[in-house]
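Residue numbers start from 1 in every chain, and the chains themselves are labelled A, B, ... in the order their sequence lines are given, proteins ahead of strands. As the structure is a prediction and not an experimental result, all values here were calculated from the model.
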2 protein chains.
Amino acid sequence: MERIVSAVGVVDKAMELVGLVEERPRSLADLVEATGYSKATTHRLAGSLQDHGLLRRDADGRYVLGFRLVGLGRRAEHYFPLANVAMPILRELVDKTGESAQLYVREGDSRVCVAAVESPHGLRTIVERGAVLSLTAGSGGTVLSQGSSEGWVESVAEREPGVASVSAPVLSRGAVIAAVSVSGPVERLGPSPGALFGGEVMRAASGIAAVVG
Amino acid sequence: MERIVSAVGVVDKAMELVGLVEERPRSLADLVEATGYSKATTHRLAGSLQDHGLLRRDADGRYVLGFRLVGLGRRAEHYFPLANVAMPILRELVDKTGESAQLYVREGDSRVCVAAVESPHGLRTIVERGAVLSLTAGSGGTVLSQGSSEGWVESVAEREPGVASVSAPVLSRGAVIAAVSVSGPVERLGPSPGALFGGEVMRAASGIAAVVG
DNA sequence: TTGACGTGTCTCATATAATGAGACAATAAT
DNA sequence: ATTATTGTCTCATTATATGAGACACGTCAA
């Protein structure tokens, strides 16, 4: 929760509140303590955000993310299909590694494949676009379940027998917003897929992050 | 685009910008004209929102909704699964009308069924959860494509032959966030499904709206 | 080339608007 | 009954958002 400092202080404060509420539902007192702002300011700011639908209050009176954000999020996705941005980079990744590459985003307690490019090999990993996978198994799951991280994560025969993979986080403002994975048969990727393709996967991930901004 | 007035002016202005960008990508000059704020203010405010990831700039330099919103939207949905809230109300609606009921949200230029309960009748309308339907046909589409409205909308054999439906908007702060529909065969719903079930559909819609807040 | 125009960026004095202390109310806890 | 704890609201003060306008850059036409 690093505090972003922009040219407009009030926006910074407001977004700080949103960020805090994003983590978990918060009472007013909770927000006051977390921010250090006066009760009055916090209350007024949160009230304003509530008026705009960015926050709302649950049955217990705690602030939670507002419904407006759902619509805005959908809209934002529409204008910026992460999948489209990622596709050329994933293709490049497949060209370089010869293995299948995927992009995953977290969705609740699982992860969803939002983009995938298949290896040209006869024996290859296949993950369908839209496929829902576990968050607790596979290198991609590890990356997405860790709040923030750098570098790559590898897994061998964890999610599925015979399959090995390396994944790297796509970071935006320090947060993991997606995971890029390269996966294929253990026979080709060997005991340490990371040593083999970790660098390439990280490059692809930061390439996507660069476009996302 | 009614301008919300809260206790914090800057938040109002910032959200006004976000709202304008939500409609379509906007250049700075465009935003200046639409808001009436000075170039400096608009630029500074938009820049601040950009720093926070609520806005970003596309290849042409125009402002579009930022990526942060996607994450926040997902998170908001997680804390408030519209579908879960709607299910018991839809079930009740099916009990009362004997016909299938659905909840739709807008998704770009189409609508998506996020919740559905089927009629017990042998002959019934079936809309799968996750199904993508037209925004330009059917009473549900009409409701969602109109910015704001009240009351119910009916359609007979518009989207599909033999199918009639009534829909009502789920309103949140004056905006249509979803549409509740009841649909079934013309044979049962007759020439005016609205006269038959309009009231019930509206009651269900406002029931959902009440929980959304 | 030159000039005119549209666009985005940035600075700075001024006045507006956000701020925090604190009073008050309403529950919850002991 | 007493004491915390929480949320709400008012008002004087000062911090901060504001808009005019200068500047830079690119585009188009003559």
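Nucleotide D:dT6 holds its C1' atom 17 Å from the CZ atom of A:R26, rounded to whole Å. One interatomic measurement links the two molecules: CG of B:L49 to P of D:dA17, which rounds to 13 Å at whole-angstrom precision. Distance, B:Q50 CD to C:dG8 C1': 12 Å, rounded to whole Å. Spacing between atom CG of A:D12 and atom C1' of D:dA15 amounts to 15 Å, rounded to whole angstrom units. The separation between A:D60 atom CG and D:dT6 atom P is 14 Å, rounded to whole Å. Atom CG of B:L31 and atom C1' of C:dG6 are 16 Å apart (whole Å).
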Can you check side chain to side chain donor-acceptor pair (under 3.5 Å) on B:S167 and B:S139, steps first, answer last? CA-CA 6 Å; B:S167 300; B:S139 61; 2.7 Å; yes
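Side-chain contact check for B:T97 versus B:F197: some heavy-atom pair is nearer than 4.5 Å.
When all heavy atoms of B:S165 and B:S183 are compared, the closest pair comes out as CB-CB, 3.6 Å. In plain terms, the two heavy atoms of B:R26 and B:V21 that are nearest each other are CG-CA, 4.1 Å.
Residue A:R203 qualifies as open at atom CZ: its count of foreign heavy atoms under 6.0 Å is 12 or below.
Between the side chains of B:S6 and A:S48, a donor-acceptor pair is found at a separation under 3.5 Å.
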Treat primed atoms plus P, OP1 and OP2 as sugar-phosphate and everything else as base, then score nucleotides 9-24 of chain C 5' to 3': B for base contact with protein heavy atoms under 4.0 Å, S for sugar-phosphate contact only, - for none. BBB------SBBB---
